[in-house]
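Only one structure is covered here, and it is reproduced in the block below.
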Amino acid sequence: MTPAQTIVTRFAPSPTGYLHIGGARTALFSWLLAKSEGGTFLLRVEDTDRERSTNEATDAIIQAMAWLDLAAEGTAVFQSQRFDLYNSHIDRLLETGHAYWCQCTPDEVEAMREKARAEGKKPKYDGRCREAKLGPGPGRVVRIKGPQDGVTAFQDMVKGPTAVQNSELDDMILRRSDGAPTYNLAVVVDDHDMGVTTVLRGDDHVANTPKQILLYQAFGWDVPKFGHVPMILGPDKAKLSKRHGALSVMEYKTMGYLPEALVNYLARLGWACGDQEIFSREELVKLFPAGNLGNSPSVFDIKKLEWLNAHYIKQSTPERLAALLPEYLAAAGGTTGLNLDPSYLASIMPLLQPRAKTLVEMADMARFFLVPTDQLAYDAKAVADQLGPEARQLLADLLPTYEALSDGGDYADHKALEAATQAFLDARGLKFKAVAQPLRVALTGKTASPGLFETMCVLGKTEALARIKRALTL
RNA sequence: GUCCCCAUCGUCUAGCCUGGUCCAGGACGACGGCCUUUCACGCCGUUAACAGGGGUUCAAAUCCCCUUGGGGACGCCA
């Protein structure tokens with residue numbers, strides 16, 4: 001049997017800003033589509049608009065895709081370097097009569113649109129130069145000579161059968177008056193040239209698809225499969241915007257989200273596979289074709305992302321989290337004086353993993369572990385509430401018990417610490433509640449913390465005792 | 001203005017194609033409870049939806065039409 005053509009997908013951002021959440025999702029879906037069928041995923045940078053494109057944006061997009069682990073095959077294609085290719089194809093269209101020169105000025109075309117609008121018709125170029133048989137000249141553009149009747153139809157992978165009356169389309173410009181090719185032309189030439197078999201892109205491109213199909217037909221090329229994924233909305237159901245705080249993928253990194261959490265969240269936004277919520281990358285690749293791509297816009301819900309992030313934090317190894325944390329400590333309060341020894345940090349992580357929803361929170365919770373005792377910040381209210389005369393006396397009485405325990409032995413086992421404490425309390429007929437909060441404040445400076453004895457273990461004998469003693473002096 | 005698309009709990013969605021098994025399932029959130037040395041985790045439970053109106057049919061969340069609401073596109077931007 002003849003092997004089916006292997007799938008080739010691509011992500012084609014324009015470098016006019018960072019990679020936003022919607023773009024990331026289309027990139028992910030395209031990547032998944034390719035990988036799930038053993039195909040190839042390509043990256044193309046659509047920088048034909050030299051005014052708005054920047055190298056910084058290109059780098060930022062590539063960096064964000066790397067963070068999400070969406071690797072593209074080979075090196076990226078840059079449209080700005082392929083103008084000769086596009087122009088030779090435009091010439092070919094001119095020769096075959098599928099395109100023509102037009103001398104109408106932007107103002108004239110705008111007037112045509114106004115007129116059409118006033119008549120309640122679709123605003124479009126009226127085609128007055130179609131048969132003028134003009135040649136090149138200053139200020140002239142090249143337009144496609146599109147069909148004026150009939151329909152252009154295609155099977156959209158997510159929306160189903162889609163068709164547009166050709167009369168709705170106007171003769172779009174292929175080459176600008178400055179000689180530069182336009183978007184739709186470049187896209188078609190590139191997708192064909194790169195061997196793209198499947199185009200998955202944002203909803204905002206549906207209207208371009210028939211125009212591009214017309215170009216494929218004019219060139220006599222095979223038309224790829226198209227799919228248009230719905231947009232992502234903000235909490236107010238309006239288009240996601242800056243007001244919602246979070247559109248750049250890398251901002252999510254800054255906010256302390258793990259890439260696999262974002263990927264999992266994005267995958268489930270507009271796609272579902274039964275009732276499953278948690279997907280490893282491997283499962284995503286395997287299950288993507290089996291799931292449903294939704295066809296209605298979805299609202300970005302940060303709460304659910306948080307939940308997934310908490311899940312993946314719990315799944316992570318302490319070592320990985322320990323390696324990630326210094327960056328967040330530095331961003332919030334700095335790292336001077338902190339003990340950032342990797343294995344020490346790693347020993348803290350298991351206490352924080354069940355508690356933190358983001359790495360930012362985690363850094364905040366980790367701080368008291370890392371600061372030297374004499375710099376530990378005690379919460380004033382906590383001290384006032386929990387370290388009264390009685391409590392201090394109790395801690396002072398408890399001190400010898402903890403001093404008697406061996407560092408590295410008993411202090412490596414929180415159960416031993418707990419047992420010793422319980423024995424001390426039993427001898428005095430006290431409840432555990434009597435010491436819990438005072439001890440916690442003494443050790444951590446706060447009223448909320450991980451388990452007391454686990455905390456003491458991580459701190460170690462020297463540090464733990466020093467903190468209790470310091471608390472007695474406050 | 002013109003064309004196109006969409007519509008299930010607050011949110012993400014399953015179900016819709018191939019009507020009955022759905023007084024609509026899961027998840028996040030919210031609320032309540034349990035656990036408990038604090039904070040979390042975890043566990044248990046509650047809340048809450050087929051946009052509205054007409055059809056078709058013995059039977060409609062599922063099929064058709066209209067209305068309403070939302071979105072997108074109409075560039076010498078991408």
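Numbered from 1 within each chain, the chains take letters A, B, ... in sequence-line order.
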Residues forming a side-chain hydrogen bond (donor to acceptor under 3.5 Å, both in side chains) with A:Lys304, sequence neighbours excluded: A:Glu277
Identify which one of A:Lys122, A:Arg128, A:Lys124 satisfies the salt bridge (charged side-chain N to carboxylate O under 4.0 Å, His left out) criterion when paired with A:Asp126.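 When A:Lys122, A:Arg128, A:Lys124 are each tested with A:Asp126, the salt bridge (charged side-chain N to carboxylate O under 4.0 Å, His left out) holds only for A:Arg128.
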With a 4.0 Å limit, can you tell me whether A:Asn292 has a side-chain N or O closer than that to the phosphate oxygens OP1/OP2 of B:rG15? yes
Can you find a side chain N or O atom of A:Asn295 that sits less than 4.0 Å from OP1 or OP2 on B:rC5? no
Please pick, from B:rC12, B:rC28, B:rG15, the nucleotide with the shortest atom-to-atom distance to any side-chain atom of A:Ser298.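 For the A:Ser298 side chain, the nearest candidate turns out to be B:rC12.
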Restricting to nitrogen or oxygen on both sides, can you table the protein-nucleotides 72-78 of chain B pairs closer than 3.5 Å?
{"residue": "B:rC74", "atom": "O2'", "partner": "A:Pro123", "partner atom": "O", "Å": "3.1"}
{"residue": "B:rG75", "atom": "OP2", "partner": "A:Arg113", "partner atom": "NE", "Å": "2.2"}
{"residue": "B:rG75", "atom": "OP2", "partner": "A:Arg113", "partner atom": "NH2", "Å": "3.2"}
{"residue": "B:rC76", "atom": "OP2", "partner": "A:Arg113", "partner atom": "NH2", "Å": "3.3"}
{"residue": "B:rC76", "atom": "O3'", "partner": "A:Arg176", "partner atom": "NE", "Å": "3.3"}
{"residue": "B:rC76", "atom": "O2", "partner": "A:Ser177", "partner atom": "N", "Å": "3.0"}
{"residue": "B:rC76", "atom": "O2", "partner": "A:Ser177", "partner atom": "OG", "Å": "2.8"}
{"residue": "B:rC76", "atom": "N3", "partner": "A:Ser177", "partner atom": "OG", "Å": "3.0"}
{"residue": "B:rC76", "atom": "N4", "partner": "A:Cys104", "partner atom": "O", "Å": "3.4"}
{"residue": "B:rC77", "atom": "OP2", "partner": "A:Arg176", "partner atom": "NE", "Å": "2.4"}
{"residue": "B:rC77", "atom": "OP2", "partner": "A:Arg176", "partner atom": "NH2", "Å": "3.4"}
{"residue": "B:rC77", "atom": "O5'", "partner": "A:Arg176", "partner atom": "NH2", "Å": "3.2"}
{"residue": "B:rC77", "atom": "O3'", "partner": "A:Arg176", "partner atom": "NH2", "Å": "3.0"}
{"residue": "B:rC77", "atom": "O2'", "partner": "A:Asp49", "partner atom": "OD2", "Å": "2.8"}
{"residue": "B:rC77", "atom": "O2'", "partner": "A:Arg52", "partner atom": "NH2", "Å": "3.1"}
{"residue": "B:rC77", "atom": "O2", "partner": "A:Arg52", "partner atom": "NH2", "Å": "3.2"}
{"residue": "B:rA78", "atom": "OP1", "partner": "A:Thr48", "partner atom": "OG1", "Å": "2.7"}
{"residue": "B:rA78", "atom": "OP1", "partner": "A:Arg176", "partner atom": "NH2", "Å": "2.5"}
{"residue": "B:rA78", "atom": "OP2", "partner": "A:Arg176", "partner atom": "NH2", "Å": "2.8"}
{"residue": "B:rA78", "atom": "OP2", "partner": "A:Tyr183", "partner atom": "N", "Å": "3.1"}
{"residue": "B:rA78", "atom": "O3'", "partner": "A:Glu46", "partner atom": "O", "Å": "3.1"}
{"residue": "B:rA78", "atom": "O2'", "partner": "A:Ser14", "partner atom": "OG", "Å": "3.0"}
{"residue": "B:rA78", "atom": "N6", "partner": "A:Asn208", "partner atom": "OD1", "Å": "3.2"}
{"residue": "B:rA78", "atom": "N6", "partner": "A:Asn208", "partner atom": "ND2", "Å": "3.3"}
{"residue": "B:rA78", "atom": "N1", "partner": "A:Asn208", "partner atom": "ND2", "Å": "3.3"}

Starting at the 5' end of nucleotides 32-42 of chain B, put B wherever the base has a protein heavy atom under 4.0 Å, S where only the sugar-phosphate does, and a dash everywhere else. -----BBBBS-
Per-nucleotide protein contact along nucleotides 21-26 of chain B, 5' to 3', at a 4.0 Å heavy-atom cut-off (B base, S sugar-phosphate only, - neither), is ----BB
Run the side-chain donor-acceptor check on residues 427-434 of chain A: report pairs under 3.5 Å with partners two or more places apart or on a different chain.
{"residue": "A:Arg428", "atom": "NH1", "partner": "A:Asp397", "partner atom": "OD2", "Å": "3.1"}

I'd like to know whether the aromatic ring centres of [X] and [Y] sit less than 6.0 Å apart in this structure.
X	Y	value
A:Tyr402	A:Tyr411	no
A:Tyr252	A:Phe300	yes
A:His311	A:Tyr265	no

Polar atoms only, N or O, under 3.5 Å: list the protein pairs with nucleotides 44-51 of chain B and their distances.
none

In the structure shown, which nucleotide is the Watson-Crick or G-U wobble counterpart of B:rU2, with both distances under 3.5 Å?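 The base-pairing partner of B:rU2, which may sit in any strand shown, is B:rA73.
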Nucleotide B:rC12, atom P - distance to CZ of A:Arg25 in whole Å: 11 Å
How many whole angstroms separate atom NZ of A:Lys115 from atom P of B:rU2?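 Rounding to the nearest Å, NZ of A:Lys115 and P of B:rU2 are 17 Å apart.
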Test item: side-chain donor near acceptor, A:Asn166 and A:Thr152, under 3.5 Å: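 Yes, a side-chain donor-acceptor pair sits under 3.5 Å.
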Euclidean distance for C1', B:rC50 against B:rC16 (whole angstrom):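 Looking at atom C1' only, B:rC50 and B:rC16 are 11 Å apart.
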